[in-house]
Amino acid sequence: MAEYDFNAPRLFVDAPLQTGARIALDRGQANYLLNVLRLKAGESVLIFNGRDGEWRAEVAVEGRKAADLVCAERARNQSSAPDLIYAFAPLKHARLDYMVQKAVEMGAGVLQPVLTRRTQASRVNLDRMRSNVIEAAEQCGILSIPEVREEENLERFLKGLEKDRLVVFCDEDAPVSNPVEALAKLGNNQAGLAVIVGPEGGFTDQERALVAAHERCVCVSLGPRILRADTAAVAALAIVQSVLGDWN
């Protein structure tokens, strides 16, 4: 494998990748490479599709506004997505964009919008979420594109979870004062994780009971301050990844 180049531009492409493959770029991608980055024919770009690893490709200019990429060599082998479901109550517009991007950066393998009684937004723009997922993956060197699932209500989501999956329930009313200690006591986890963060209005008592009824559930607090839901995403995933996830 060639040494990884952190300075090279990086693009997601939805096409098979192999030596010599020629990838046609859409208008936006071509404009970004030719007019924003001002790349010339023969210069290098890193590309990935979430399936075939990461490849170094060369720019092939096809006129002033069009370009293709030609795969030259594999830079990194494909890695699998973390077995970590991030379940969250949808937010509105820009704050949802931020939360999705940060969840991807923090290693979520699945993004699952869940509807609760106090959810601010009942409809989710899944295409916009997927665009934010791809953008975050491009910027952060991620090879596996996290799955974006359709929204569903909290009860149905919980019923669909595997019984042995560990649910980390982030609840401002949890009696746990130190979430790191609470998670560390669980030991090594082999059955996957689900992290649940609710709406800014919090969970109802009925919803708390539903989550706590899961066979493997640990309720944790995220500290003495009430966090905004998008901030809670970063805090919760950082704690979980450092104790139970791929930071450990």
Side-chain angles (χ1 to χ4, degrees), residues 1-84 86 93-111 124-150 230 233-234 237-238 241 245-247:
M1 294 292 170
E3 183 178 352
Y4 186 66
D5 183 357
F6 289 94
N7 295 314
R10 194 165 185 270
L11 286 179
F12 171 82
V13 295
D14 189 14
L17 302 179
Q18 59 185 357
T19 302
R22 193 177 186 95
I23 313 301
L25 298 178
D26 62 35
R27 186 171 182 178
Q29 290 173 322
N31 179 68
Y32 173 68
L33 295 182
L34 299 180
N35 299 320
V36 178
L37 298 182
R38 299 187 180 279
L39 297 185
K40 307 299 183 183
E43 293 192 274
S44 293
V45 178
L46 293 175
I47 57 176
F48 67 108
N49 61 7
R51 304 182 300 273
D52 301 322
E54 183 172 69
W55 288 73
R56 187 177 299 281
E58 295 180 353
V59 176
V61 178
E62 297 292 328
R64 294 182 60 186
K65 297 183 179 181
D68 293 347
L69 293 174
V70 180
C71 287
E73 62 177 352
R74 195 194 304 268
R76 285 192 292 165
N77 290 325
Q78 183 64 38
S79 59
S80 58
D83 191 6
L84 194 167
Y86 182 67
H93 307 305
R95 291 180 59 197
L96 179 60
D97 294 345
Y98 172 88
M99 191 220 68
V100 168
Q101 291 168 1
K102 299 310 169 188
V104 173
E105 291 177 35
M106 301 297 285
V110 175
L111 297 178
V124 181
N125 186 331
L126 297 179
D127 289 337
R128 181 167 176 155
M129 279 185 61
R130 293 187 183 101
S131 293
N132 278 291
V133 164
I134 289 172
E135 181 180 342
E138 287 177 333
Q139 293 177 354
C140 299
I142 294 169
L143 291 179
S144 297
I145 302 298
E147 178 186 356
V148 175
R149 294 181 179 173
E150 293 188 3
D230 46 348
V234 179
L237 289 170
Q241 289 285 49
D246 58 16
W247 293 9

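Residue numbers run from 1 in the order of the sequence given. This structure is a prediction, so every number in the text was calculated from the model and none was measured.
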Hey, could you give me the [atom1]/[atom2] distance between [X] and [Y], rounded to the nearest 0.5 Å?
| X | Y | atom1 | atom2 | result |
| --- | --- | --- | --- | --- |
| I134 | D14 | CD1 | CG | 8.0 Å |
| E147 | L111 | CD | CG | 9.0 Å |
| E58 | C71 | CD | SG | 10.5 Å |
| S79 | E54 | OG | CD | 9.5 Å |
| L17 | R51 | CG | CZ | 7.5 Å |

I need the minimum non-hydrogen distance between [X] and [Y], along with the two atoms involved.
| X | Y | answer |
| --- | --- | --- |
| S144 | S80 | OG-C, 3.4 Å |
| L25 | A30 | CB-N, 4.2 Å |
| L143 | N77 | CD1-O, 3.2 Å |
| L39 | P9 | CD1-CG, 4.1 Å |
| L237 | A103 | CD1-CA, 3.7 Å |
| I145 | G50 | CG1-CA, 4.4 Å |

Is [Y] close to [X] at the side-chain level, that is, under 4.5 Å between some pair of heavy atoms?
| X | Y | answer |
| --- | --- | --- |
| L33 | L69 | yes |
| Y32 | L11 | yes |
| K102 | Y86 | no |
| V104 | Q101 | no |
| L37 | E43 | no |
| D97 | R128 | yes |

### Message
Once salt bridge (Lys or Arg N to Asp or Glu O under 4.0 Å) is applied, do any residues pair with R95, and if so which ones, sequence neighbours excluded?
### Response
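Here the qualifying residues are E200, D230.
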### Message
Set out, in order, the CA-CA distance, both residues' side-chain angles and the distance that settles side-chain contact (heavy atoms from CB on, under 4.5 Å) for R149 and V110, then state yes or no.
### Response
CA-CA 7 Å; R149 294 181 179 173; V110 175; 3.3 Å; yes
Backbone of [Y] reached by a side-chain donor or acceptor of [X] within 3.5 Å:
| X | Y | answer |
| --- | --- | --- |
| R76 | G141 | yes |
| D68 | A60 | no |
| E150 | L126 | no |
| E138 | F12 | yes |
| R10 | I142 | yes |
| N132 | V100 | no |

### Query
Among side-chain atoms of Q241 and D246, is any donor-acceptor pair under 3.5 angstrom?
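Yes, side-chain donor-acceptor contact under 3.5 Å.
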